[in-house]
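Atoms within each ligand, like the ligands themselves, are counted from 1 in listed order. Please read all numbers here as calculations on a predicted model, not as lab measurements.
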Amino acid sequence: MTIAFFDTKEYDKTSFEACGGTRGLTFKFFETKLNEDTAALAHGCDAVCVFVNDTVNAAVIDRLYESGVKLIALRSAGYNNVDVQHAFGKIHVVHVPAYSPYAVAEHAMALLLTSVRRIHKAYNRTKEFNFSLSGLTGFDLHEKTVGVIGAGKIGRIFTDICKGFGMRVLVYDRMPRDDGLTYVSLDMLFSQSDVISLHCPLTEETRHMINADAIDRMKKGVVLLNTSRGALIDAEALLDGIKARKIGAACLDVYEEEADVFFEDRSGHIMDDDLLARLISMPNVIVTSHQAFLTAEALHNIAETTVNNIVTFFQDGVCENELCYRCGHIEHCKKERRERCF
Ligand code: NAI
């Protein structure tokens with residue numbers, strides 16, 4: 001079984017070689033991202049393994065299909081970059097539903113603490129023996145209200161962490177559960193929250209859910225956290241909100257146009273994306289480069305689940321982590337009955 005890996009980094013190679021070598025899989029690692037021009041590299045491979053910024057649209061799927069690829073194995077939870085509907089009937093798609101929700105939730109809290117206690121400023125100052133505290137006044141999280149959008153695996157862990165800090169937690173989810181959390185309308189969450197953290201997937205419904213209108217309805221000084229997907233936020237509207245002093249701070253691990261810049265060393269290059277450059281220039285904006293997942297535990301779990309997905313799919317023909325357009329809800333395929341839709 002030969003698997004073509006796209007957008008591979010050293011840490012991917014290390015974790016996959018450690019757990020795939022013994023399972024009869026051969027890995028071909030490509031640094032380039034998957035797109036229409038690079039799909040031909042997968043010729044003769046049984047599967048491709050892709051990450052969040054690989055392009056897996058209809059044209060790419062057709063090329064992979066023509067090359068004999070039978071499986072697209074996402075080494076991520078999110079699959080908004082894959083045209084699952086177009087893949088139906090051609091190529092099966094599997095993903096890693098959870099590898100370490102703690103990694104992402106803890107990163108969100110790390111960003112929040114960094115921002116509200118000005119750790120990023122203090123770190124740079126003391127490196128230069130500047131021990132002044134001027135401009136470093138933060139605020140207590142205790143008794144502040146945090147609004148969590150999306151109470152899935154990551155969102156729920158984040159709410160637990162926030163409760164540990166003595167915060168009041170409000171939750172908005174498309175499908176509220178009977179789990180003791182305080183579910184409210186999006187309107188109420190916007191108007192009452194001092195901190196808003198995004199943990200829902202990117203879908204047509206959630207694209208730009210944080211836009212000018214939503215920002216208008218938020219509290220002055222609100223801190224926005226996005227460790228989910230960049231396009232949940234309309235970045236132009238965010239910049240306007242920051243310039244208008246409406247947004248108190250923004251912590252972004254993801255950015256709508258991140259595919260061309262994140263994960264690479266761009267120091268020494270001219271930054272073409274004016275919007276990103278302007279956001280990064282703001283004293284109250286912290287950007288990390290889609291790093292929330294990056295812990296040793298998460299990398300190990302990603303590699304193990306992906307290898308299991310591939311081996312199980314080719315051995316048994318079904319895989320519990322298959323994404324299936326036919327079944328209505330993409331993640332709940334007939335696989336549970338060990339049947340296959342195509
Ligand atoms: P999950 O599937 O467990 O939870 C998502 C929650 O969002 C569910 O409760 C769902 O009902 C809710 N939801 C769906 N549509 C909604 C809507 N329109 N409005 C409000 N809520 C809605 O997913 P999980 O594992 O918690 O991951 C959340 C997101 O985190 C992923 O979709 C992915 O985009 C992102 N992520 C980011 C990573 C990073 O490194 N920055 C790593 C892993 C995931």
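Scanning all protein heavy atoms for the shortest distance to atom 21 (N) of ligand 1 gives Arg174 N, 3.3 Å. At the top of the distance list for atom 8 (C) of ligand 1, counting protein heavy atoms only, stands Asp173 OD2, 3.5 Å. Looking at atom 27 (O) of ligand 1, its nearest protein heavy atom turns out to be Ile154 CD1, 3.4 Å. Among all protein heavy atoms, the one lying closest to atom 25 (O) of ligand 1 is Lys153 CE, 3.5 Å. For atom 7 (O) of ligand 1, the closest heavy atom belonging to the protein is Pro201 CD, 3.3 Å. In terms of protein heavy atoms, atom 4 (O) of ligand 1 is closest to Gly152 CA, 3.1 Å. Closest to atom 38 (C) of ligand 1, if we only count protein heavy atoms, is Thr227 O, 3.8 Å. Of all protein heavy atoms, the one closest to atom 33 (C) of ligand 1 is Arg229 NH1, 3.7 Å.
Below 4.0 Å from some heavy atom of Val104 lie the following atoms of ligand 1, by number and element: 38 (C), 42 (C), 43 (C). Ligand 1 places these atoms under 4.0 Å from at least one heavy atom of Gly150: 7 (O), 21 (N). Atoms of ligand 1 lying under 4.0 Å from at least one heavy atom of Tyr172, given by number and element, are 19 (N), 20 (C). Against a heavy-atom cut-off of under 4.0 Å, Glu205 is close to the following atoms of ligand 1: 18 (N). Heavy-atom proximity to His290, at under 4.0 Å, picks out these atoms of ligand 1: 39 (C), 40 (O), 41 (N).
Looking at heavy atoms from C-beta onward, Ser132 lies in side-chain contact with Arg125 at the 4.5 angstrom threshold.
The ring of Phe51 has its center no closer than 6.0 angstrom to the ring center of Phe5. In this structure, Tyr79 has its ring center closer than 6.0 angstrom to the ring center of His95. In this structure, the ring of His142 has its center no less than 6.0 angstrom from the ring center of Phe165.
By the 3.5 Å distance cut-off applied to N or O atoms, Arg177 is counted among the residues near ligand 1. By the 3.5 Å distance cut-off applied to N or O atoms, Tyr99 is not counted among the residues near ligand 1. Where the criterion is an N or O separation shorter than 3.5 Å, residue side chain and backbone included, Thr206 fails it with respect to ligand 1. The N/O atoms of Gln291, backbone and side chain alike, include none that comes under 3.5 Å of an N/O atom in ligand 1. Annotation: Cys200 places no N or O atom under 3.5 Å from an N or O atom of ligand 1; distance criterion only. An N or O contact shorter than 3.5 Å is missing between Thr203 and ligand 1 by distance. The N/O atoms of Met209, backbone and side chain alike, include none that comes under 3.5 Å of an N/O atom in ligand 1.
Contact record, Lys163 with Val169: CG-CG2, 3.8 Å, taken as the closest heavy-atom pair. Minimum interatomic distance between Asp37 and Arg63 (heavy atoms only, all atoms of both residues): N-NH1, 4.5 Å. Here the closest heavy-atom approach between residue Val148 and residue Gly155 is recorded as CG1-O, 3.9 Å. Closest approach of Glu304 and Cys19 over heavy atoms only: N-SG, 3.7 Å.
Within the structure, ligand 1 has Ser228 among the residues with a heavy atom less than 4.0 angstrom away. For Ala151, the closest heavy-atom approach to ligand 1 falls below 4.0 Å.
Taking a cutoff of 4.0 Å between a charged side-chain nitrogen and a carboxylate oxygen, Lys90 and Asp62 qualify as a salt bridge. Between Asp213 and Arg217 there is a salt bridge, since at least one side-chain N of the basic residue sits less than 4.0 Å from a carboxylate O of the acidic one.
Here the shortest heavy-atom distance to atom 28 (C) of ligand 1, taken over His199, Arg207, Glu204, belongs to His199.
Between Ser267 and Asp265, the side chains place a donor N or O and an acceptor N or O closer than 3.5 Å (distance only, hydrogens not considered). In this structure, a donor-acceptor pair under 3.5 Å is present between the side chains of Thr145 and Arg168.
Evaluated for a ring pair (Phe, Tyr, Trp, His ring centres under 6.0 Å) with His290, the options Tyr255, Phe263, Phe262 yield exactly one hit, Phe263.
Note on ring orientation: taking the six-membered ring where Trp is involved, the planes of Tyr99 and Phe293 are perpendicular (angle over 60°, cut-offs 30° and 60°).
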